[in-house]
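Owing to the predicted nature of the structure, the values given are computational and were not obtained by experimental measurement.
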Amino acid sequence: MIEYRACVGPNYTDTGDCGRAAHVATPQPMCSGHYQQWKRMKKLVPLRIHRPSQTEGKICAGPSKVEGNECGRPAYQSTPMLLCIAHASQLRQKNEMVPLPEPWLKLNRAARDDKGNKQCTRCKRWLPESAFGSSKSAPDELKGHCRQCEADRLLLNKYGLTVEQYEALLAMQGGVCAICQKPPLEGVRLCVDHDHGCCDETYTCGQCVRGLLHADCNAALGYFNDSVDFLRAAIEYLTRGTIDLRDIDTQGEIA
């Protein structure tokens, strides 16, 4: 389980830590401001604005999605009760408070459970580090979303397909590639093929999907420029048979 942590950077008082919500967990819990200082200067100095001292080390008492628990984020104000910035804004604007989206994962991307697993910020599953792509800008050098969620997002953003629509299309093809009729490899999705005559950009209109193909079959269509004439010529070439080199004269003509 992830615990919300406070920044241990310096403040303007002689004692006590910064107290802001930690943005990273390594090399030590630091808020966004102190983390930027550490990246630029490799040292930490007090930030200009500091939360009121009465909230030092205290947590928000606003509601949580977990029944019986408090919000748990670092408190920003103490009246009428200890509240984080988000719950204070809710109370000021709507005169009521509701649970905030959980968890605040960007604060703890380096967090691991007792098995060394990392939690995906999208599907919320705890997965081994190998399930995440690399990201040099992240505190733990791993992306926040797992590879599966990244693939799901690519389906929607690039082709306009939801996961449910992809699975339905695969079922319509009998669970196999539309060309070679072979099933996909375990853990590998078939490529989404679309009409390049309609959309030749990175992202499609979502209305020109033709089917699902193995990567090799999809690449083969690309090499033939999606040309039916080229493909017919290739079929004729393959079906004509081989050539006996003894039948070729010195001028390169077939006898």
Rounded distance (nearest 0.5 Å) linking atom CD of Glu150 with atom SG of Cys120: 8.0 Å

Report yes or no: do Val209 and Leu155 belong to one cluster of Ile/Leu/Val/Met/Phe/Trp/Tyr joined by side chain heavy-atom distances under 4.5 Å? yes

For the backbone of Gly197 and the side chain of Asp195, can you confirm whether one donor and one acceptor N or O come within less than 3.5 Å of each other? yes

Contacts table for residues 164-176: side-chain donor-acceptor under 3.5 angstrom, sequence neighbours left out:
| unit_1 | atom_1 | unit_2 | atom_2 | d |
| --- | --- | --- | --- | --- |
| Gln165 | OE1 | Thr162 | N | 3.0 |
| Gln165 | OE1 | Thr162 | OG1 | 3.4 |
| Tyr166 | OH | Leu190 | N | 2.9 |
| Tyr166 | OH | Leu190 | O | 3.1 |
| Gln173 | OE1 | Leu212 | N | 2.8 |
| Gln173 | NE2 | Val176 | O | 2.9 |
| Gln173 | NE2 | Leu212 | O | 3.1 |

Do the rings of His194 and His196 sit parallel, tilted or perpendicular, given the 30° and 60° boundaries? tilted

Is Asp216 salt-bridged to Lys182, going by a charged N under 4.0 Å from an acidic O? no

Are the side chains of Leu44 and Gln28 in contact, using a 4.5 Å heavy-atom criterion? yes

Taking the side chain as C-beta and beyond, is there a heavy-atom pair between Asp152 and Arg122 under 4.5 Å? no

Sequence neighbours excluded, the answer for side-chain contact (heavy atoms from CB on, under 4.5 Å) partners of Asn157 is Arg153, Tyr203

What is the minimum heavy-atom distance between Phe224 and Phe230, and which atoms define it? O-CD1, 3.4 Å

If I take atom CD from residue Gln37 and atom NZ from residue Lys43, how far apart are they, to the nearest 0.5 angstrom? 9.0 Å

What is the minimum heavy-atom distance between Lys143 and Lys118, and which atoms define it? O-CE, 3.2 Å

Is Leu91 linked to Met81 within one hydrophobic cluster, defined over Ile, Leu, Val, Met, Phe, Trp and Tyr using a side-chain heavy-atom separation of less than 4.5 Å? yes

What heavy-atom pair brings Val98 and His87 nearest, and what distance separates the two atoms? O-NE2, 3.0 Å

Taking the side chain as everything from C-beta on, heavy atoms only, tell me whether Lys124 gets closer than 4.5 Å to Gln119. yes

Could you tell me which non-hydrogen atom of Leu142 sits nearest to which non-hydrogen atom of Phe132, and how far apart they are? CD2-O, 4.1 Å

Close side-chain approach of Ile179 to Asn218, heavy-atom, < 4.5 Å: no

Arg189 and Val163: which non-hydrogen atoms are nearest, and at how many Å? NH2-CG1, 4.0 Å

With Leu154, which residues qualify under side-chain contact (heavy atoms from CB on, under 4.5 Å), at least two apart? Lys158

To the nearest 0.5 angstrom, please state how far the CZ atom of Arg210 sits from the SG atom of Cys198. 10.5 Å

When rounded to the nearest 0.5 Å, the distance separating SG of Cys191 from CG of Leu213 is 7.5 Å

Rounded to the nearest 0.5 Å, what separation is found between the CD atom of Glu129 and the SG atom of Cys146? 14.0 Å

Between Cys60 and Leu83, is any pair of side-chain heavy atoms under 4.5 Å apart? yes

Spatial distance of atom OG (Ser89) from atom CE (Met97) [nearest 0.5 Å]: 12.0 Å

